[in-house]
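Structure first, commentary second.
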Protein chains: 2
Amino acid sequence: MQARAKTTPDPIRSALSSENGIDFAIIELFFFAYRDFTSDPDQILEQYGFGRAHHRVVHFVNRRPGLTVAELLDVLQITKQSLARVLKQLIDTGYIVQVQGLKDRRQRELYPTAKGRELALALATPQSRRIAEAIRNYGPVEREAIEGFLRGMVKPELRVQVDELPGSKSGEGMRR
Amino acid sequence: MQARAKTTPDPIRSALSSENGIDFAIIELFFFAYRDFTSDPDQILEQYGFGRAHHRVVHFVNRRPGLTVAELLDVLQITKQSLARVLKQLIDTGYIVQVQGLKDRRQRELYPTAKGRELALALATPQSRRIAEAIRNYGPVEREAIEGFLRGMVKPELRVQVDELPGSKSGEGMRR
DNA sequence: TAATTTATGTCAACAAGGCTGACATAAATT
DNA sequence: AATTTATGTCAGCCTTGTTGACATAAATTA
């Protein structure tokens, strides 16, 4: 048997399977699902010359008008430099406005404009449509399970972020 | 009433809600869930000096050993230039090997090495753990609904990609 | 009241990873 | 033999995220 050059390691020909107790089914479904979930708004964003970072900002500012820069940073878990670039573009182009805080004049409360609201809806519509289609054959019990699963996927210490959004079940997040 | 300078549009102070028929509950849960789902492997990847793109490549090469470059491009829906950079790193560092195709000598079949397999498992383990925790209180019926939902989120024309993976229900994807 | 802390903003540089276009070689197909 | 295909390479650009540093105004604390 010919000795193999040691610089080229052996190929493994067997497929990695769930035998190791890994839930590849859901891992992969989740990956593909999210990929396609984001592809809908991506195409719309492109028309505006924006990207996902813009979408996230527009989304959360619409869902929580008046949230401060710091709050947005916390929700998005990004740095202020990252945010600043995108936020500036959205402000300069009229999708978001900043209002100095009344209680704390250092703060900048962020609000959507009418066109900002329009954009948020335009981006959310195909997403919602895809979801509706995906749960079309399920009832309230299954819906509950799906939401519970997704909620369970969120780090416990960050679940408050979900609760702080309006209409959320666990917080009725009107904490402003 | 004081006329407002036209250069600053009006802030909308009301929160965007589900009244427009948009399913913000699942939209947001999905965003946060995926964010945290990827954060586990991200930390491991960092130790290897790799990123998400590497993870995806290692993952699918392990799940479908022998898949060609073109097949991987199709699964990942990225350009060959994008893939080339990451693939080269994984090959150069010994996680993946290329084998010239027997039937078509132009092709390059991609296989994991032992360390490539190890890496794939290391990355999938915390993901699987998070999933297990999120579905802990659910039974087979709910699990079915969750998988069905995720599957339904995938573009119909791309669902074959899920089916082509080993252990998948709808395809028993051993099509190599 | 002064010192310290905090909210926001800016500058700068770098990284990861995705894209487009162009070109090349070897192998397969027509 | 001509054409097409699989892969690979070069190059440049873009988006979005990071780090570090510094600044100003406002709030809080000593």
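Proteins get letters first, then strands, A, B, ... in listed order; numbering begins at 1 in each.
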Could you tell me the separation between the [atom1] atom of [X] and the [atom2] atom of [N], rounded to a whole number of Å?
X	N	atom1	atom2	value
B:K103	C:dT29	NZ	P	12 Å
A:Y48	D:dT15	OH	P	18 Å
B:Q107	C:dT25	CD	C1'	16 Å
A:Q100	D:dA26	CD	C1'	9 Å
A:R52	C:dC19	CZ	C1'	14 Å
B:L73	D:dT5	CG	P	16 Å
A:L72	D:dG17	CG	P	11 Å
B:L76	C:dC19	CG	P	10 Å

Q) Got a donor-acceptor pair under 3.5 Å from the side chain of A:R106 to the base of C:dT6? A)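 Yes, the side chain and the base share a sub-3.5 Å donor-acceptor pair.
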**Q.** A:R85 (side chain) and D:dG17 (base): donor-acceptor pair under 3.5 Å
**A.**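 Present.
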Q: Determine which nucleotide pairs with C:dA28, using a 3.5 Å limit on both distances of a Watson-Crick or G-U wobble pair.
A: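 Answer to the pairing question: D:dT3, which forms a Watson-Crick or G-U pair with C:dA28.
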Q: Just name whichever nucleotide pairs with D:dG20, Watson-Crick or G-U, keeping both distances under 3.5 Å, else none.
A: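 Pairing partner, where one exists within any strand: C:dC11.
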**Q.** ring-ring contact (aromatic ring centres under 6.0 Å, His included), paired with A:H59, selected from B:F31, B:F32, B:F24
**A.**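 The residue from B:F31, B:F32, B:F24 that satisfies ring-ring contact (aromatic ring centres under 6.0 Å, His included) with A:H59 turns out to be B:F24.
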(Q) If you only use heavy atoms from C-beta on, which nucleotide in C:dT10, C:dG21, D:dA27 is closest to the side chain of A:Q81? (A)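 So the side chain of A:Q81 is nearest to C:dT10.
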Q. From the list C:dA28, D:dG8, D:dT16, which nucleotide is the closest neighbour of the side chain of A:A53?
A.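 Nearest nucleotide to the side chain: D:dT16.
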Q) For B:E118, does the CD atom sit with more than 12 other heavy atoms under 6.0 Å from it, leaving out its own atoms? A)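 Counting other residues, nucleotides and ligands, CD of B:E118 stays at 12 neighbours or fewer.
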Report yes if at least one side-chain N or O of [X] is closer than 4.0 Å to OP1 or OP2 of [N]; otherwise report no.
X	N	result
B:H54	C:dA16	no
B:S82	C:dG17	no
A:Q98	C:dG9	yes
B:R56	C:dG18	yes

(Q) Return whichever of A:T79 or A:R105 has its heavy-atom-nearest nucleotide of DNA chain D closer to the 5' end. (A)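 Taking each residue's closest nucleotide, the earlier one in sequence belongs to A:T79.
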Q | Given DNA chain D, 5'-ward residue of the pair A:G49 and A:L83, judged by closest heavy atom | A |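 With A:G49 and A:L83 compared, the 5'-side residue is A:G49.
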**Q.** Side chain A:S128, main chain A:A124, donor-acceptor under 3.5 Å
**A.**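 Side chain of A:S128 to backbone of A:A124, a donor-acceptor pair under 3.5 Å: no, none is there.
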(Q) Looking at A:R105 and A:Q100, would you say the former's side chain and the latter's main chain have a donor-acceptor pair under 3.5 Å? (A)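 Side chain of A:R105 to backbone of A:Q100: no pair is present.
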**Q.** Heavy-atom side-chain proximity of B:D23 to B:I26 below 4.5 angstrom
**A.**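 Yes, their side chains come closer than 4.5 Å.
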